[in-house]
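Counting from 1, the numbers follow the sequence of the chain as shown.
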Amino acid sequence: MADELEVHCGGLDRCVYIADAYVETWAEIILLLCWPHLARKFKEGEFLKALVNKDNLGVITKHVHLLHSCRSIPQFELLAPLIFEVWDKALDEPAFAKRFEAT
């Protein structure tokens, strides 16, 4: 049955066994952290530890919501690098950009 499906991405909470099962079944799959888990990690401070200037939080929060509002993977793939570059260069938050991008 898995051979009949064309799966391009899979949402998960980063559990290794789920990710392994996805990749074992669909080698080319793009693994995505689900929005509720990402939002919770963002609010609970996991990402904020990497934030140098807390004054950037408002702009970064707006950017995260823009990423969430993407309607397709191609749209996300176009927007994300632009936002990460703004965080890295304009806001001088390279560690935060790398941390978020790795997620």
Report, as yes or no, whether the 6.0 Å neighbourhood of atom NZ on K54 holds more than 12 heavy atoms from other residues, nucleotides or ligands.
-> yes

Does the side chain of E6 reach to within under 4.5 Å of the side chain of H8, using non-hydrogen atoms?
-> yes

Is there a side-chain contact between F96 and N53, using heavy atoms and a 4.5 Å cut-off?
-> no

Residue list, side-chain contact (heavy atoms from CB on, under 4.5 Å) with V52, at least two apart or on another chain | E93

Kindly compute the distance separating CG (L66) from CD1 (I60), expressed to the nearest 0.5 Å.
-> 12.5 Å

Which donor-acceptor pairs under 3.5 Å do the side chains of residues 71-92 make with protein atoms, sequence neighbours left out?
from	atom 1	to	atom 2	distance (Å)
S72	OG	Q75	N	3.1
Q75	OE1	R71	N	2.6
W87	NE1	H63	ND1	2.9

